[in-house]
Undergrad: 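Structure incoming, see below.
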Amino acid sequence: MSSSKKLITCLSIILVVVLLCTQSVHSQLQVGFYMNSCMLAEFIVKDEVRKAFIKDKGVAAGLVRLHFHDCFVRGCEASVLIDSTASSTAEKDSPANNPSLRGFEVIDNAKAKLEAICKGVVSCADIVAFAARDSIELTGGVRYYVPAGRRDGRISLASETLTNLPPPTLNVDQLTQSFANKGFTQEEMVTLSGAHTIGRSHCTSFSNRLYNFNGTTSQDPSLDPMYAARLKEQCPQGSTDPNLVVPMNPSSPAVTDVGYYIDILANRGLFTSDQTLLRSPETANQVNQNARNPMLWRFKFAAAMLKMGQLGVLTGNAGEIRTNCRVINS
Ligand code: HEM
Ligand SMILES: *[C@@H]1O[C@H](CO)[C@@H](O)[C@H](O)[C@H]1NC(C)=O
């Protein structure tokens, strides 16, 4: 890297750090919200995440995605945690979440511990936000302060996931629109997509790219043929096994690094929604920049997660503090 480029990278990192430290000032949420009411809250969540991560590194990815899927549907108010009832199918049972979403038991364990020491104080929505932050740190991303004070919602509808969560078939314009609907810039969309540097995907989320792409060609020509061949071995055509999964960034599936962007540059983005980022000059430029500036991306990612964590939050007297994260209080 030339020295002027280094200087620019360095200045950008400083700018992002300043943003990270000041952003909470403008929100209704507060860093250290539980300092007086439940001093150990963040520590207990972190301890549960760490214990689960030691047993299964994949839970970190699960918890980051859980926060995303919570925040994009009705805001970060833990609607994603609510179980379906006889009369209502909840978000977690929509195809966007079931069977792929994971990490629920980590939230349940943290909540049980917190109810035991500070009954009715810590919201499920804050636990999810803390757990996502801890997961990013544990996998080698940048640690950030999570402003808290979110309260829990009382509604969860599977139908609302369809309109709010982007499917993996979207192209770059559709992704940009989907994130703009939540107040994000195109650059933030590219930054947040980098979360796909950790975790796994079920074969069903991308098998169309291998076997029935379109009327002319069965395999997506934008997918590296060597990688496609490997994916076909891991995901046989017509298999309906819901347990078949592949890592999204095979070289380091449990590290929050820029492997996602490096994969895309090698035509090894797993989803259409990943590989499509090379289709517009602006997003392609972002992919390049992130691939070359691992620390800059980590800071931008932390800042974007912080912003995502404030979407549609309930504060003050709105909502409730759920006793059991899976059921609304009666
Ligand atoms: C840009 C639009 C996005 C699309 C279309 C998308 C789609 C998907 C899909 C289809 C999967 C695989 C699910 C499965 O079959 O198991 C997945 C996994 C994942 N997504 Fe996204 N996603 C997007 C953005 C995000 C964002 C913004 C985040 C977080 C900030 C995120 C975090 C994750 C993580 C961590 C996983 C792995 C989950 C695990 O291993 O359990 N995604 N995503
Ligand atoms: C199928 O995709 C290829 C490659 O993107 C394209 O050239 C072709 O026109 C597409 N065919 C149809 C029927 O859409």
Side-chain angles (χ1 to χ4, degrees), residues 58 61-62 64-65 68-69 72 93-102 158-159 161-179 181 186 189-190 192-254 257-288 290-291:
V64 172
R65 185 167 182 244
F68 165 48
H69 282 205
F72 265 52
D93 288 320
S94 100
N97 290 328
N98 189 353
S100 59
L101 209 56
R102 53 177 171 165
S159 57
T161 61
L162 301 173
T163 41
N164 291 288
L165 296 174
T169 47
L170 295 193
N171 65 35
V172 61
D173 294 331
Q174 295 167 321
L175 287 171
T176 303
Q177 187 57 54
S178 165
F179 279 69
N181 292 345
Q186 187 180 59
M189 180 275 288
V190 178
L192 283 170
S193 296
H196 287 175
T197 196
I198 54 172
R200 60 157 200 216
S201 170
H202 289 72
C203 292
T204 45
S205 298
F206 58 86
S207 54
N208 66 309
R209 300 185 74 199
L210 304 176
Y211 300 114
N212 48 358
F213 184 61
N214 71 14
T216 322
T217 172
S218 61
Q219 189 171 308
D220 185 341
S222 74
L223 189 61
D224 166 39
M226 301 263 284
Y227 185 45
R230 200 162 104 215
L231 290 172
K232 281 176 160 170
E233 282 170 24
Q234 294 167 291
C235 301
Q237 181 166 23
S239 170
T240 51
D241 184 348
N243 296 316
L244 276 185
V245 293
V246 304
M248 293 194 288
N249 170 214
S251 60
S252 56
D257 56 13
V258 294
Y260 170 78
Y261 300 103
I262 292 169
D263 287 346
I264 290 179
L265 290 174
N267 299 315
R268 291 174 170 222
L270 189 56
F271 306 135
T272 298
S273 57
D274 299 323
Q275 202 56 48
T276 190
L277 298 181
L278 290 187
R279 288 299 169 102
S280 99
E282 295 80 18
T283 55
N285 185 39
Q286 288 296 319
V287 170
N288 260 290
N290 292 337

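Only a predicted model underlies this, so the values are computations on that prediction, with no experimental measurement involved.
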Undergrad: Identify the two heavy atoms, one from Y211 and one from C235, that lie closest to each other, and give their separation to 0.1 Å.
TA: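 Where Y211 meets C235 most closely, the heavy atoms are OH-O, 2.6 Å.
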Undergrad: Side chains of S273 and Q174: does their closest heavy-atom pair fall under 4.5 Å?
TA: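 S273 does not reach Q174 side chain to side chain.
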Undergrad: Rounded to the nearest 0.5 Å, how far does CG of L170 lie from CE of M189?
TA: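 Spacing of CE (M189) from CG (L170) equals 9.5 Å.
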Undergrad: What pair of heavy atoms forms the shortest contact from L277 to S193, and how long is it?
TA: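 Where L277 meets S193 most closely, the heavy atoms are CD1-CB, 4.3 Å.
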Undergrad: Is there side-chain contact between T283 and T276, with at least one heavy-atom pair below 4.5 Å?
TA: no
Undergrad: Testing V246, L223, N249, I264 one by one against L270 for a side-chain contact (heavy atoms from CB on, under 4.5 Å), which residue passes?
TA: V246
Undergrad: Minimum heavy-atom separation for S280 and Q186, please, with both atom names.
TA: OG-NE2, 4.4 Å
Undergrad: Should H69 and L165 count as side-chain neighbours, where that means a heavy-atom distance under 4.5 Å?
TA: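 Counting from C-beta outward, H69 and L165 do come under 4.5 Å.
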Undergrad: If you measure from CD on Q275 to CZ on R209, what distance do you get to the nearest 0.5 Å?
TA: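 With rounding to 0.5 Å, CD (Q275) is 6.0 Å from CZ (R209).
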Undergrad: Under 3.5 Å, is there a donor-acceptor pair linking the side chains of S239 and D241?
TA: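 Their side chains do not contain a donor-acceptor pair, so the 3.5 Å distance test is not met.
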Undergrad: Of all residues at least two apart in sequence or in a different chain, which pass the ring pair (Phe, Tyr, Trp, His ring centres under 6.0 Å) check with Y261?
TA: W297
Undergrad: Which heavy-atom pair separates G259 from T197 by the least distance, and what is that distance?
TA: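 Shortest heavy-atom separation between G259 and T197 comes out as N-OG1, 3.6 Å.
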Undergrad: Just checking, is any N or O donor in the side chain of N181 or Q177 under 3.5 Å from an acceptor N or O on the other one?
TA: yes
Undergrad: Return the CD1 to CG distance between I198 and D257, rounded to the nearest 0.5 Å.
TA: 9.5 Å
Undergrad: Are D274 and Y260 close enough that a side-chain donor and a side-chain acceptor fall under 3.5 Å?
TA: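 Distance-only check passes for D274 and Y260.
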Undergrad: Does the N290 side chain pair with the main chain of Q286, one donor and one acceptor, at a distance under 3.5 Å?
TA: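 Checking the backbone N and O of Q286 against the side chain of N290, a donor-acceptor pair under 3.5 Å is found.
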Undergrad: Do P250 and R268 touch side chain to side chain, with heavy atoms closer than 4.5 Å?
TA: no
Undergrad: Could you tell me which non-hydrogen atom of V64 sits nearest to which non-hydrogen atom of A195, and how far apart they are?
TA: CG1-CB, 4.4 Å
Undergrad: CG of L175 to OG1 of T169: how many Å apart, nearest 0.5 Å?
TA: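 It is 9.0 Å, given to the nearest 0.5 Å.
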Undergrad: Just verifying a value: how many Å separate R65 CZ and H196 NE2, rounded to the nearest 0.5 Å?
TA: 7.0 Å
Undergrad: Can you see which heavy atom on L192 is nearest to which on F179, and at what distance?
TA: CD1-CE2, 3.9 Å
Undergrad: Just verifying a value: how many Å separate F206 CZ and S201 OG, rounded to the nearest 0.5 Å?
TA: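 Here the interatomic distance stands at 5.0 Å.
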Undergrad: Do the non-hydrogen side-chain atoms of Q234 and L244 ever get within less than 4.5 Å of each other?
TA: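 Of all side-chain heavy-atom pairs linking L244 with Q234, none is under 4.5 Å.
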